[in-house]
Chemist: 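Shown below is the structure under consideration.
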Amino acid sequence: MNEKVRCLIIGSGPAGYTAAIYAARANLNPVLYEGMQPGGQLTTTTEVENFPGYPTGTTGPELMEDLKKQAERFGADIRFGSATATDLSSAPYKVTIDGEKVIETDTLILSTGATAKYLGLADENKYAGSGVSACATCDGFFYRNMKVAVVGGGDTACEEAIYLSGLASKVFMIVRKPFLRASKIMQERVLNNPKIEVLFEHETLGLTGDKFVQGATLVKRRGQADEENVQIEIDGFFLAIGHTPNSKIVKPWIETDEVGYIKTIPGTPRTNVPGVFAAGDVADPHYRQAITAAGSGCQAAMEAERFLSEKGL
Ligand code: NDP
């Protein structure tokens, strides 16, 4: 038999847990499914220095555990499992969990986050788990005193390169433009770090190595008169080139932009389907911060509460 709830939250980053705190305190008896990566992307980060209320910083996993406990304290029902299909054609909305159980819900909060992007090279699959990673903080430990490369020039890439510089003997940053896109402070930290060498205007053609990554073949100034191939010796290849929003399971029903970010009515977490709200990175191509995700999770839960009371549900 299907289970029926008033408020279903899918995804467990700062947006999902904050929505659960607010929904639980408003007596909506929320059920939250944590998804494949309980705690979301922040569980793959070490230091979090910019979440307000932690003057000396905290870690991603600790922050997520605190948010989860806070939601549970008010009675949020937090469960392990992933939403695998949705039917939002009419209310109550139906969400299938792990291909089996169907939950019917009056309101739905989508906080499914975003997933790391890869370059699309065949070698990324070939060396998956053998030198290729999209998470420095998860896998950096394996590269102590070795050489690694980080692809990307944004804040994530800089953060990963700095983190890896504390473990590895040498860190290359492979940046396709002649400049870093990251914030000024992160750029300075990278450029002043003696262990990090930024390879501007370089792109990756492929990886080399017997069983494990041993090197990368790059092209410098592709398409220019002075284009040249460059070979670097590395043991680890880390991707940090952005993320794809996890909106696929609601695609037929919920409007997204061309990348897949859920479109919301500006200034609100409301989607094109009444009673369905989006919070956090799945709907945020711009800020992508834990605190902004948490804020939008709060908004989504408040909207869900208003929706239910207006409908008398
Ligand atoms: P960004 O989109 O900001 O940066 C992606 C980087 O990867 C860019 O340098 C981009 O190059 C490069 N890139 C993308 N595709 C390719 C490709 N196919 N080949 C080579 N390079 C590629 O993503 P981030 O994940 O770094 O950051 C996302 C957001 O999160 C940003 O707003 C950022 O400020 C924020 N953030 C903030 C942090 C903090 O405040 N502590 C920490 C981490 C992220 P190009 O510039 O050429 O497009």
Side-chain angles (χ1 to χ4, degrees), residues 13-15 40-54 57-61 63-64 113-125 132-138 140 149-165 171-191 196 198-207 216-224 227 230 232 234 237-246 257-261 280-296:
Q41 291 177 77
L42 265 192
T43 55
T44 64
T45 325
T46 45
E47 286 297 300
V48 176
E49 294 176 335
N50 50 12
F51 199 90
Y54 292 87
T58 181
T59 68
L63 179 58
M64 289 304 102
T115 302
K117 273 193 213 161
Y118 283 75
L119 293 169
L121 300 172
D123 285 343
E124 288 169 322
N125 286 332
V132 172
S133 168
C135 176
T137 43
C138 316
V150 176
V151 187
D155 279 318
T156 305
C158 290
E159 225 175 48
E160 306 248 294
I162 293 163
Y163 175 73
L164 287 166
S165 73
V171 181
F172 294 101
M173 278 185 79
I174 305 169
V175 180
R176 66 181 175 184
K177 293 221 172 104
F179 55 85
L180 293 168
R181 184 200 283 220
S183 54
K184 207 87 200 132
I185 184 168
M186 295 304 276
Q187 290 193 29
E188 278 166 17
R189 284 186 195 171
V190 158
L191 297 170
I196 303 176
V198 185
L199 303 173
F200 287 108
E201 296 184 86
H202 281 67
E203 291 173 48
T204 312
L205 295 178
L207 300 171
T217 309
L218 314 177
V219 55
K220 185 178 178 186
R221 292 177 55 78
R222 193 204 285 262
Q224 306 299 310
E227 171 183 316
V230 176
I232 55 170
I234 48 165
F237 183 78
F238 289 85
L239 283 311
I241 59 167
H243 293 80
T244 306
N246 298 322
D257 68 9
E258 63 286 355
V259 179
Y261 286 99
D281 286 9
V282 72
D284 177 9
H286 301 296
Y287 304 107
R288 302 180 24 77
Q289 299 300 297
I291 187 63
T292 50
S296 67

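Atoms within a ligand are numbered from 1 in the order they appear, just like the ligands themselves. Sequence positions, counted from 1, serve as the residue numbers for this chain.
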Chemist: Testing Asp281, Asn246, Thr244 one by one against Thr115 for a side-chain hydrogen bond (donor to acceptor under 3.5 Å, both in side chains), which residue passes?
Modeler: Asn246
Chemist: Could you grab the distance from atom CZ of Arg176 to atom OG1 of Thr204, nearest 0.5 Å is fine?
Modeler: 11.0 Å
Chemist: Check Met186 against ligand 1 and report side chain, backbone, both or neither, counting heavy atoms closer than 4.0 Å.
Modeler: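 The answer is neither; Met186 stays 4.0 Å or more away.
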Chemist: Return the closest protein heavy atom for atom 17 (C) of ligand 1 as residue, atom name and distance.
Modeler: Arg176 NH1, 3.3 Å
Chemist: At a 4.0 Å threshold, what atoms of ligand 1 neighbour a non-hydrogen atom of Gly152?
Modeler: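 So the answer, numbered in order with elements, is 7 (O), 9 (O).
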Chemist: Under 4.0 Å, heavy-atom basis, I'd like to know which part of His286 is in contact with ligand 1: side chain, backbone, both or neither.
Modeler: backbone
Chemist: Calculate, to the nearest 0.5 Å, the distance between atoms CG and CG belonging to Leu121 and Leu207 respectively.
Modeler: 6.5 Å
Chemist: Does any N/O atom on Glu159 come nearer than 3.5 Å to any N/O atom on ligand 1?
Modeler: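 For ligand 1, there is an N or O atom that lies under 3.5 Å from one belonging to Glu159.
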Chemist: Would Glu201 and Arg221 pass as an ion pair if we require N to O under 4.0 Å?
Modeler: yes
Chemist: Give the contacting part of Ile174 toward ligand 1: side chain, backbone, both or neither, where contact means a heavy-atom distance below 4.0 Å.
Modeler: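 Neither part.
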Chemist: Quick check on contacts: which atoms of ligand 1 are under 4.0 angstrom from a heavy atom of Lys177?
Modeler: 45 (P), 46 (O), 47 (O), 48 (O)
Chemist: Can you tell me how far the CE atom of Met186 sits from the CD1 atom of Ile162, to the nearest 0.5 Å?
Modeler: 4.0 Å
Chemist: Which one of Arg288, His202, Gln289 has a non-hydrogen atom at the shortest distance from atom 37 (C) of ligand 1?
Modeler: Gln289
Chemist: For residues His202 and Ile174, report the shortest heavy-atom separation together with the two atoms involved.
Modeler: O-CG2, 3.5 Å
Chemist: Gly153 versus ligand 1: do any nitrogen or oxygen atoms come within less than 3.5 Å of each other?
Modeler: yes
Chemist: Which residue supplies the protein heavy atom nearest to atom 4 (O) of ligand 1, what is that atom called, and how far is it?
Modeler: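 Answer, as residue, atom name and distance: Gly154 CA, 3.7 Å.
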Chemist: Heavy atom under 4.0 Å from ligand 1: found in Leu119's side chain, backbone, both, or neither?
Modeler: side chain
Chemist: What is the distance from atom CG of Asp284 to atom NE2 of His243, rounded to the nearest 0.5 Å?
Modeler: 12.5 Å
Chemist: Can you pull out the closest protein heavy atom to atom 48 (O) of ligand 1? Residue, atom name and distance to 0.1 Å, please.
Modeler: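 Of every protein heavy atom, Arg181 NH2, 2.4 Å lies nearest to atom 48 (O) of ligand 1.
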Chemist: To check you understand the geometry: which heavy-atom pair defines the closest contact between Val219 and Glu227, and what is its length?
Modeler: CG2-CG, 3.6 Å
Chemist: Tell me: protein heavy atom nearest atom 14 (C) of ligand 1, and distance?
Modeler: Ile241 O, 3.4 Å
Chemist: Check whether any protein heavy atom sits under 4.0 Å from atom 31 (C) of ligand 1.
Modeler: no
